[in-house]
Protein chains: 2
Amino acid sequence: MNYKESHKLLLRNVSRFINLTELEKQKYISLLTEIKVEKKDFLMQAGEITKYEYFITKGCLKVYTLDEEGAPHISMFAIEDYWTGDLSSFMTKEPSRYYIKATEHSELLGISRENYDLLFREIPKFERFYRILYQKSLISYIRRSNYGISLTAEERYLEFKKKYPQIVSRITQKDLAAYIGITPEFMSKIITKVNRM
Amino acid sequence: MNYKESHKLLLRNVSRFINLTELEKQKYISLLTEIKVEKKDFLMQAGEITKYEYFITKGCLKVYTLDEEGAPHISMFAIEDYWTGDLSSFMTKEPSRYYIKATEHSELLGISRENYDLLFREIPKFERFYRILYQKSLISYIRRSNYGISLTAEERYLEFKKKYPQIVSRITQKDLAAYIGITPEFMSKIITKVNRM
DNA sequence: GAAAAAAAATGAACTAGTTTAAGACTTTTA
DNA sequence: TAAAAGTCTTAAACTAGTTCATTTTTTTTC
């Protein structure tokens with residue numbers, strides 16, 4: 001069958017871990033919702049109960065919380081071929097603490113909680129897909145959870161730049177500072193210093 | 001059938017997410033290795049390829065890396081009813097960067113990589129078990145990965161104490177400092193301050 | 001149960017990162 | 001295309017956390 005580009009990208013992502021029959025592919029795609037957001041629009045805001053888990057087919061978004069002083073802490077940037085959302089709120093159906101905002105015009109495929117549950121019943125292979133997907137994410141978050149406490153801000157910046165060069169060039173220095181966990185002023189100093197070297 | 005206490009604890013842990021028949025339980029248990037370590041003994045050391053994923057039935061262990069200066073960074077404390085290991089090395093079969101050392105006499109059940117793979121073939125329900133287990137771990141590591149960059153050391157200490165009161169009383173202040181990401185001296189100051197309040 | 005080893009406390013001098021403020025540069029919007 | 005809004009840079013004063021050195025307390029070991 002002839003799929004649209006966004007669906008092709010998703011099916012390619014899924015086929016890394018499991019093989020689907022033609023019928024299963026069609027069933028899977030039928031469970032998804034297409035979503036478009038303009039730059040600066042929110043995909044979701046703190047206080048809401050997350051309706052979807054998202055696969056990004058185009059664009060860039062930032063996932064962040066606001067602390068008591070109202071300062072943002074970005075927990076991830078999501079671009080094409082990445083999954084994002086608030087897994088905690090999605091699973092517990094409790095209000096989220098996260099905001100997700102597009103930093104560019106973005107297009108996504110969302111799966112609702114009902115369809116996510118249905119997916120496992122209809123195509124049990126997806127248990128395996130998500131087992132492997134979560135396993136890989138877990139490995140990278142376990143590593144990352146040590147960064148904040150064991151690396152200096154400069155080391156965290158160099159690490160991010162090395163791992164995600166495509167992202168660095170698409171986001172502002174201010175947002176990068178909110179991800180690294182420092183002030184924009186200190187981010188500016190680090191970049192000046194690193195460029196000088 | 002009559003299982004020993006350690007196996008009962010594990011079966012209870014697994015039954016949170018999936019139901020096993022009597023036969024499946026026996027099959028599962030047959031795939032496990034019993035391991036005992038004395039206080040200060042290593043379960044594994046950096047440079048080795050991780051052989052097992054571990055379920056702790058008794059005791060307490062610390063999982064840590066050493067940085068270039070030889071300073072330890074503890075990424076988790078594992079006690080009874082917890083899972084531990086180095087998932088990254090276990091999956092990729094590359095040498096680990098982690099040390100796992102018992103802080104008390106400990107008893108564990110280990111599953112080897114071959115048996116882990118076999119488990120999914122023999123009892124596919126385990127894809128679901130691990131999907132949910134990794135999902136829950138992922139949720140808590142996503143949250144934790146922000147702690148280091150968005151909370152002060154004192155806030156991280158209070159957070160840990162609130163979430164794991166049973167662990168705080170079993171470990172040294174020095175190890176707690178290596179987990180929180182500060183020097184033992186500053187940990188001492190924080191504890192003095194918090195107790196004074 | 002005494003000696004040795006490790007952990008905890010305290011304090012003074014230091015450093016990585018913050019705060020505040022102001023000016024220059026860039027992007028967005030009407 | 002001008003004005004407004006947001007981003008980036010620089011610098012001085014500040015604070016959270018480190019380093020190093022010493023003493024006290026607790027735990028381990030024989």
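The chains referred to below are lettered A, B, ... by the order of the sequence lines, with proteins before strands, and numbering in each begins at 1. Small disclaimer: the values here were computed from a predicted structure and weren't measured. Because only heavy atoms are used, hydrogens play no part in the values below, and waters and symmetry mates are left out as well, while side chains stay in.
Atom CD1 in I191(A) sits about 8 Å away from atom P in dC8(D), given to the nearest Å. Going from atom NZ of K189(B) over to atom C1' of dT18(D) covers 9 Å, rounded to whole Å. One can place CG of N195(B) at 13 Å from P of dA8(C), the figure rounded to the nearest angstrom. When rounded to the nearest whole Å, the span between NZ of K193(A) and P of dA11(D) equals 16 Å. Rounding to whole angstrom units, CD1 of residue I190(A) and P of dT15(C) are separated by 18 Å. I149(A) has its CD1 atom 11 Å from the P atom of dT18(D), to the nearest Å. Between the P atom of dT15(C) and the CD atom of E69(B) lies a distance of 15 Å, rounded to the nearest Å. One atom, CG of D67(B), and another, P of dT18(D), lie 12 Å apart when rounded to the nearest Å.
The side chain of T192(A) has dT10(D) as its nearest neighbour among dT10(D), dG17(C), dG17(D). The side chain of K40(B) sits closest to dT28(D) out of dT28(D), dT18(D), dT29(C).
The residue from F55(A), Y134(A), Y52(A) that alone fulfils the ring pair (Phe, Tyr, Trp, His ring centres under 6.0 Å) condition with W83(A) is F55(A).
For the segment residues 165-175 of chain B, the set of residues with a heavy atom within less than 4.0 Å of an atom of DNA chain C comprises T172(B), Q173(B), K174(B), in numerical order. Contacts between residues 180-188 of chain B and DNA chain D, defined by a heavy-atom separation below 4.0 Å, involve G181(B), I182(B), T183(B), E185(B), F186(B), listed by number.
Across all their heavy atoms, G59(A) and S106(A) have their closest contact at CA-OG, 3.5 Å.
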Return all side-chain donor-acceptor pairs below 3.5 angstrom for residues 26-37 of chain A, not counting sequence neighbours, or 'none' if the list is empty.
unit_1 : atom_1 : unit_2 : atom_2 : d
S30(A) : OG     : K27(A) : O      : 2.5
E34(A) : OE1    : K4(A)  : NZ     : 3.4
E34(A) : OE2    : K4(A)  : NZ     : 2.7

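No more than 12 heavy-atom neighbours from other residues, nucleotides or ligands sit within 6.0 angstrom of NZ on K51(A).
Considering only side-chain N and O atoms, K39(B) lies under 4.0 angstrom from the phosphate OP1 or OP2 of dT28(D).
By the 30° and 60° cut-offs, the orientation of the rings of Y130(A) relative to F120(A) is perpendicular. Relative orientation of the F160(B) and Y164(B) rings is tilted, given thresholds of 30° and 60° on the angle between their planes.
Once rounded to the nearest 0.5 Å, the distance linking OG of S137(A) with CD1 of I139(B) reads 11.5 Å.
Inspection of the T50(A) and S89(A) side chains reveals an N or O donor paired with an N or O acceptor under 3.5 Å.
Under a cutoff of 6.0 Å and an axis angle of 45°, R16(B) and F129(B) do not form a cation-pi pair.
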